[in-house]
Structures are given as C-alpha cells and as structure tokens.
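First comes the structure, then the notes that go with it.
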Amino acid sequence: MQLTIKGIQDRKAWEESGIRLPSYDVEKASAKAVEAPRWVHFGIGNIFRIFLGGIADDLLEKGLLDRGITCIETFDYEVVDKIYTPYDNLALSVILKSDGTRDMKVLGSLAEAVKASDRARLTEVFQSPDLQLVTFTITEKGYALANADGSIPRYVQADIENGPEKGTGAMAVVTAGLLARFEAGCLPIALVSMDNCAQNGRLLKRSVLTMAEEWKKRGFVPEEFLEYINDEETVAFDSTMIDKITPRPSEAIAKDLEDLGLENMQPVITEKRTYIAPFANGEGPQYVVIEDRFPNGRPALEEGPGVYMGSFDTVNRSERMKVTALLNPVHSATGPIGVVLGIEGFAEMLHTVPVMLKMARKVAYDEGLPMVKDPEILSPKAFVDELFEDRFPNLYLGDTNLRLSTDVSQGVGVRFGETIKAYVEKYGSAGQLTAIPLGIAGWLRYMLGVDDQGKPYELAPDPMNEEITKAFSSIQWGQPDTVTDQLQGILSNENVFYADLYQAGLGEKIESMFKDMIAGEGSTLATIEKYIG
C-alpha cells in the first residue's frame with residue numbers, strides 16, 4: 001500500500017489493515033484550496049499535521065469545510081521535498097491510546113505544500129479574498145527577532161535590510177504576505193498563533209509590527225501599512241492555548257505500519273535536524289482554546305475535536321493553566337533530568353523512578369496549581385488529574401526526555417517565570433518553591449552534557465547551547481568547587497526567565513542545588529531525593 005492519491009483508491013486493503021480513509025473527495029478539496037485558499041498554516045511539522053490537520057479533516061468529513069489547508073514552510077524545505085510531495089500531501093495520523101490500541105486514519109486535509117521561497121505563490125495565497133485565517137506552529141524561537149542577550153541574529157538583520165521581497169525568516173515572510181494583502185485592498189484576515197508562548201497572539205503581532213516598522217524606516221512600506229496591521233477590525237492577532245503531546249515519529253511504529261503493508265514509512269532526519277515521517281504519532285486527548293476574532297469569517301472550528309472558542313481572557317487563563325503551571329513546566333523540569341539519569345522515555349521515568357513522579361506532581365499540584373486562575377471552560381484540577389492518570393503514564397506514547405529538552409531555553413521564561421513572578425507578587429519572594437528551582441537546576445545540570453555516571457551525551461537542539469556550554473566550560477563534573485559565578489549570568493537574565501531569579505529569592509538556592517548535582521556519580525538523583533524526599 002502506498003500513501004498517495006492513487007494508492008488510497010484500493011480502499012479494501014487499507015480498511016482491512018485497520019486504517020480509515022477520507023470519505024470526502026481529497027482531490028476536490030485540495031483543488032479548491034489551491035484555487036481559493038481559506039486556511040493557511042506556517043510550520044508544517046508533526047503537531048500541525050496530527051492536530052490541526054486532524055481538525056480540518058474532521059470538518060471535511062462533516063461537510064463543514066470544503067477545502068484543505070495551504071501549508072507553508074519557512075525553515076526546512078526538506079520537509080516539503082521528502083514528506084509532502086512524495087505522498088501527494090497525504091499524512092497518516094496514528095493516535096496512541098494508553099491501553100496500547102491505536103486509531104489510524106489517512107488525512108487528506110493538507111491541500112498544498114509551499115516553500116517560502118516561492119514568492120509568487122505566496123502573494124497569490126495572501127491576496128485570496130477567501131483567505132480567513134493564518135495559523136502557526138513555528139515554536140517560540142520562530143517569533144524571536146533578538147537573541148537572549150538582545151543582539152539581532154544575522155538572518156533577521158538581513159530580512160530587515162533586504163525588505164519584503166527577500167525575507168527568509170517566518171516573521172519576514174508573514175509580514176510580506178500581509179503587505180500583499182494590504183496592496184490587494186486592505187483585505188481582512190485573522191492570524192492565529194498556536195505555539196506554547198504566553199499571549200502568543202500578542203507576541204506574533206509585536207514581531208510582525210517590529211518587522212514592518214523596520215521596513216518603513218528603510219522606505220520599503222508606507223505608514224498606511226502599519227495602520228492596516230494595527231486595525232484590529234481588519235487584522236486580528238488571536239491568541240490560543242494548544243495542547244496535544246506529539247512525540248517524534250517512532251521507528252517502531254514505522255515498522256508496524258510497514259508490516260501492515262504500507263511502503264516507505266520510515267522517519268526522516270533532515271539536515272536541519274527536523275524529525276518527521278509520512279505519519280505523525282500522538283496521544284488522543286487534545287485541547288485548543290481560540291480567541292474568537294475573525295474579521296473575514298472562519299470555519300466552524302468549534303465543531304472540531306477538542307476545540308473551544310472564547311474571549312482573550314478565557315484563552316489567556318487556559319494558556320497560563322497549561323503552559324505556565326500544569327503541563328509544560330512538568331516536562332521542562334523533569335525531561336532534562338531524565339536525560340542526565342540515562343532514561344530515554346518520559347513515561348518510563350515516571351514509572352521506574354518514584355521520586356521523579358513525586359517531583360513532577362509537586363511541580364504541578366503543589367507549586368503550579370495554587371497560582372492558576374480558573375479558565376472556567378476547563379477545570380484546572382480535572383486537567384492535571386487527566387495528565388497524571390492518563391496522559392503522562394502512557395508508555396505507548398513513546399515521548400522521550402531528549403525531545404522534552406529541545407529548545408528549553410526558549411520556554412523557561414514562560415514555563416517557570418510566570419509562576420515565579422506570581423509567588424513574588426503574592427508573597428514578596430518565591431523562596432518557598434522547591435520543585436521548580438530544582439527543575440531549573442536540573443536543566444542547567446543537563447547542559448553540562450554529562451550523565452549521572454559521568455558519561456557524555458549529545459544535547460538536544462537549542463539556540464543557547466553554544467552560549468551556555470561556553471559559559472560552563474570551566475565547570476568540572478565531580479568538582480562542585482569549580483562552580484563560582486558561571487550560573488549568575490543566566491539566572492539573572494530577564495530575557496531568559498522574565499525575572500531576575502536572585503531578586504525573586506531563588507538564585508542562590510538553584511546554585512546550591514546545581515552544585516549538589518555535580519558532586520559525582522549518582523549525585524543528580526541523590527539531589528532530587530534530598531529535596532523531594
């Protein structure tokens with residue numbers, strides 16, 4: 001069986017393999033999207049395909065959507081060449097349930113894959129009067145126009161200097177798309193960030209406006225273009241909370257699929273270290289809460305699985321509940337420590353190292369939950385209960401501690417900083433916290449690249465790897481006395497943590513925890529046990 005338009009014509013073979021196929025006309029839905037794009041997405045990797053692609057597929061099945069999504073890639077063109085084009089833009093969704101069963105379906109909702117270098121096509125897409133929304137899953141770093149130290153990356157500076165026609169970064173490409181829409185008659189649009197960033201819609205708007213303002217300074221765009229972007233009745237930047245655990249594609253699942261008769265299912269690792277496959281595997285539970293402002297109308301998104309529409313306040317509270325208190329902080333606090341302990345799987349770690357489960361529960365229940373404001377559409381207590389009763393323990397999900405260690409520097413401000421600031425605001429200090437500072441110390445311990453037995457490992461990708469590795473070059477595992485002031489530049493950096501952790505009452509505590517963790521063989525686990533009990 002081949003995952004292509006021609007290959008899925010033999011419906012019997014697929015259905016006998018337990019894989020559902022689209023009941024709608026995939027080619028017709030794709031052709032309509034190419035002709036008149038309605039939904040555009042930036043960042044076309046794993047979570048997009050299985051989550052948003054799955055929502056669009058569900059709406060197509062219900063007859064509530066008549067065309068697929070236009071998929072735009074700005075970062076890694078190999079994804080288009082190796083995962084979209086050879087499979088006629090089809091994707092296979094593999095939902096991994098906690099009882100070991102799988103729900104598998106071919107998604108036909110990804111209509112077209114466009115490289116950002118194809119400026120002619122991008123202009124056509126953004127000038128479509130039918131275009132209603134542009135969504136994003138480009139990770140926190142996709143919005144960044146400056147490094148943690150305030151410096152501007154070379155590619156961003158080039159995007160600023162070269163103007164709308166030659167930009168390569170996501171923010172430059174999106175801003176150029178909006179310029180095309182402005183030039184077509186100030187057409188309305190909603191831009192909807194679906195990344196794990198606090199108030200992600202406002203972050204997106206800030207980055208787009210910054211790019212536009214820099215272009216205006218250089219004479220590339222008129223003042224009226226900035227007025228267009230700032231007109232909320234015409235251009236909305238909607239915030240969201242999105243939640244679905246989506247690990248890297250599993251080689252074991254690829255083999256199982258090939259054993260069923262599917263061809264060429266093995267994952268690909270691109271030169272830019274994107275881990276992707278013709279299928280995407282993820283958990284069943286999913287949530288997305290979307291700020292309901294769509295100047296040009298929208299699909300019936302609320303009819304999709306796990307979709308909630310609401311006000312900015314509802315979204316903000318839902319996002320803070322998940323990203324800053326209950327889910328992401330657990331991952332960022334414990335995943336890097338799991339790498340140090342030499343444990344590959346996140347669920348495996350929680351099952352086999354009781355103190356790590358205890359630490360995870362302390363991060364969420366004891367330190368995060370008390371600071372959560374109830375979003376009302378989702379119960380915080382029920383949400384965290386589901387995490388620990390069903391989602392986190394799911395061994396079949398295959399989520400890895402190394403994946404959870406990817407780009408941690410870009411998320412610690414959101415995932416820890418907001419709760420820390422809430423404690424400072426309420427109590428004058430966050431010094432009473434234990435599990436969160438232990439998680440920060442664990443992340444910095446992970447950055448040494450040496451496990452709890454003294455053996456080296458490769459760090460997961462992170463924009464700050466080089467900077468932190470250089471800062472830690474004089475720290476020696478097994479010699480706590482080599483720690484002097486190396487951590488201070490990071491722990492006091494408000495660009496990283498959104499707070500000076502020394503002023504918050506945590507800097508010295510984290511330094512002490514870190515020193516304990518590098519004392520020698522087994523010291524990281526011993527430190528967790530010392531503080532968590």
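Throughout, residue positions are numbered sequentially from 1 according to the sequence presented. Only heavy atoms go into these numbers, but all of them, side chains included; no hydrogens, no water, no symmetry mates. It should be emphasised that the depicted structure is a prediction, and the values quoted were computed from it without experimental measurement.
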Does [atom1] belonging to [X] count more than 12 external heavy atoms closer than 6.0 Å?
X	atom1	value
Gln432	CD	yes
Gln488	CD	yes
Lys272	NZ	yes
Arg154	CZ	no
Glu344	CD	no
Lys358	NZ	no

Say whether, by atom type as modelled, one donor and one acceptor occur between the side chain of [X] and the main chain of [Y] under 3.5 angstrom.
X	Y	result
Thr137	Gly43	yes
Thr482	Gln476	yes
Tyr423	Glu367	yes
Thr419	Phe416	no

Who passes salt bridge (charged side-chain N to carboxylate O under 4.0 Å, His left out) against Arg102, sequence neighbours left out?
Asp256

Identify every side-chain donor-acceptor pair in residues 513-526 under 3.5 Å, counting partners at least two apart or on other chains, and give the distances.
| from | atom 1 | to | atom 2 | distance (Å) |
| --- | --- | --- | --- | --- |
| Asp516 | OD2 | Lys530 | NZ | 2.9 |
| Ser523 | OG | Met517 | O | 2.7 |
| Ser523 | OG | Ala519 | N | 3.3 |
| Ser523 | OG | Gly520 | N | 3.2 |
| Ser523 | OG | Gly520 | O | 2.6 |
| Thr524 | OG1 | Arg445 | NE | 3.2 |
| Thr524 | OG1 | Asp452 | OD1 | 3.0 |
| Thr524 | OG1 | Met517 | O | 3.2 |

Is there a side chain to side chain donor-acceptor pair (under 3.5 Å) between Asp292 and Tyr308 once you walk through the steps?
CA-CA 9 Å; Asp292 198 358; Tyr308 301 82; over 6 Å; no

Would you call Glu291 and Arg202 a salt bridge, taking side-chain N to carboxylate O under 4.0 Å as the test?
no

Can we say Arg298 and Asp238 salt-bridge, meaning some charged N sits less than 4.0 Å from an Asp/Glu carboxylate O?
no

Side chain to side chain, Phe497 and Ile490, heavy atoms closer than 4.5 Å
yes

Regarding Asn46 and Thr246, is there a side-chain donor-to-acceptor distance under 3.5 Å anywhere?
no

Does Lys322 qualify as a cation-pi partner of Tyr287, given the criterion of NZ or CZ under 6.0 Å from the six-membered ring centre and within 45 degrees of its axis?
no

Evaluate the ring planes of Phe42 and Phe136, with Trp represented by its six-membered ring, and classify them as parallel (under 30°), tilted (30 to 60°) or perpendicular (over 60°).
parallel

ring-ring contact (aromatic ring centres under 6.0 Å, His included) pairs touching residues 325-348, sequence neighbours excluded, are His331-Phe346, His331-Phe392, Phe346-Phe392

